[in-house]
Structure formats: C-alpha cells, structure tokens
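Values reported hereafter were calculated over all heavy atoms of this structure, with side chains retained and with hydrogens, waters and symmetry mates removed.
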Amino acid sequence: MNNIHTILSMVMLACCALGIWSPMREGLVRNLSQWGPMALMLVAMADTTVGPGIVPGVVWGLLLLLTSPLPLMLLPKDRRGGMEIHRSLSMVAMFALLVTTLPSAASSSSVHPTHGHSGLGGANPALAVALAAAVIAYSIVLATRTLRRTGRGHRRHASASLEAISSAGALGAMILMAV
C-alpha cells in the first residue's frame with residue numbers, strides 16, 4: 001500500500017510541475033499571477049505528501065484557498081480566459097481534497113501529523129471529491145478546446161492542453177490517495 005501511495009504522490013507532483021510550465025513559458029514576470037499560485041500549490045503538495053511536512057496541512061489549505069482567485073484577479077479582463085478559470089478551480093479543488101484528507105487531531109498522537117492522504121476524514125469529503133471530479137471533467141473539455149482553432153485561425157500552444165490534462169492527473173492521483 002505504501003508503494004502505491006509513493007507512485008501516486010510522484011504522479012501528482014509531476015503533474016503539478018507540468019502545470020507550471022505553460023504559464024511560465026508566457027513570461028516569468030508578465031505571468032507571475034498565473035504560475036506563482038501554481039508553484040505554491042506544487043510546494044504545498046510536496047510538503048504534505050513527501051516527508052514530515054514543514055508547514056501544517058491546514059496552513060497550506062488556507063494559503064491555497066486565499067491564492068486561488070489570483071489567476072483571475074491579477075490579469076486584465078481582456079487576458080482572462082478558460083485557462084485562468086481552470087487554474088483557480090484547480091487550486092480550490094486541491095484545497096478541498098487537502099483539508100478533507102487531513103487526519104483529525106484525535107486520530108494522531110503526534111504534535112505535527114503529516115498529511116499523507118491517510119483516508120477521507122474531516123467534513124464533507126464527498127463534496128471535495130465531487131468538486132475534484134467536476135474540475136477533472138472541465139480540464140478534459142478545456143484540453144480539447146485549446147487544441148481547436150479559435151475564431152481568428154490561431155491555436156493556443158499545446159502546453160495549455162498539457163497543463164489542463166496534468167491538472168486532471170494530479171487531482172485524480174489525490175482522489176486515489178485519499179481512498
């Protein structure tokens with residue numbers, strides 16, 4: 001069982017890392033509002049699944065929730081689109097899965113328990129899984145749409161589809177780790 005958790009953790013982290021590449025390729029400074037929150041999500045997922053966890057999972061959850069609107073809020077309206085909505089929704093879904101899989105204080109004798117996706121605990125795990133499933137479905141739809149030509153005859157770079165699919169992979173791995 002531990003080997004499966006390790007493999008799923010590696011898949012999730014690889015998918016999170018791939019998700020950062022697309023907004024970074026559009027400019028480190030110009031697109032900081034896009035890749036910055038995604039990088040925070042990668043660090044949060046790495047800290048909560050690998051090793052003892054430097055920051056408590058609930059703090060990571062709060063940071064994810066607070067930064068989730070940034071991909072939309074910090075861009076001019078004319079630059080917002082499906083990918084920006086997708087990034088915000090992905091962060092909210094990761095937040096929901098993270099906080100519903102935190103071990104309860106009663107179930108752990110350590111002062112600083114690790115997240116480790118140790119089974120669905122907390123309140124409303126079914127809603128968190130439903131939200132994640134909806135974001136996975138949106139990711140797949142968005143990935144297929146980004147490959148099609150737009151009205152001006154241009155296509156988005158294939159990295160946008162890769163970003164959407166990688167988000168679906170990360171969320172899927174988190175769901176599997178939680179059950």
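Not one N or O on the side chain of S167 forms a donor-acceptor pair closer than 3.5 Å with the backbone of E163. Using modelled atom types, one side-chain atom of S161 and one backbone atom of A143 make a donor-acceptor pair closer than 3.5 Å. With hydrogens and angles disregarded, no donor-acceptor distance shorter than 3.5 Å links the side chain of E84 to the backbone of P71.
The two residues L63 and L40 have their closest heavy-atom pair at O-CD2, 3.9 Å. Summarising the geometry of S139 relative to A168, their closest heavy-atom pair is CB-CB, 3.9 Å, with the distance given to 0.1 Å. The two residues P37 and L70 come nearest to each other via the heavy atoms CG-CB, 4.0 Å. The heavy-atom pair separating G61 from F95 by the smallest distance is O-CD1, 3.1 Å. Closest approach of G57 and L98 over heavy atoms only: O-CD2, 3.6 Å. The two residues A132 and L97 have their closest heavy-atom pair at CB-CD1, 3.7 Å.
Put simply, V92 and V141 are part of two different groups of oily side chains (I, L, V, M, F, W, Y) that touch within less than 4.5 Å, one to the next. Taken together through direct or relayed side-chain contacts under 4.5 Å among Ile, Leu, Val, Met, Phe, Trp and Tyr, I165 and V11 form parts of separate hydrophobic clusters. Transitive grouping of hydrophobic side chains (ILVMFWY, heavy atoms separated by less than 4.5 Å) brings I54 and V99 into a common cluster. Under a hydrophobic-cluster definition in which Ile, Leu, Val, Met, Phe, Trp and Tyr are linked whenever side-chain heavy atoms come within less than 4.5 Å, directly or via other members, V58 and M174 are assigned to the same cluster. Under the 4.5 Å side-chain heavy-atom criterion for Ile, Leu, Val, Met, Phe, Trp and Tyr, M41 and V55 are members of the same hydrophobic cluster.
I20 CD1 to L42 CG: the interatomic distance, rounded to the nearest 0.5 Å, is 4.5 Å. In this structure, CG in L72 is found 11.5 Å from NZ in K77, a value given to the nearest 0.5 Å. The line from CE of M83 to CG of L142 is 5.5 Å long, rounded to the nearest 0.5 Å. Atoms CE and OG1, from M94 and T48 in turn, are 9.5 Å apart once rounded to the nearest 0.5 Å. Atoms CG and CE, on L13 and M45 in that order, are 9.0 Å from each other to the nearest 0.5 Å. To the nearest 0.5 Å, atoms CE (M73) and OG (S68) are separated by 9.5 Å.
Applying the side-chain contact (heavy atoms from CB on, under 4.5 Å) test between L171 and each of L176, L131, I136 identifies I136 as the sole match.
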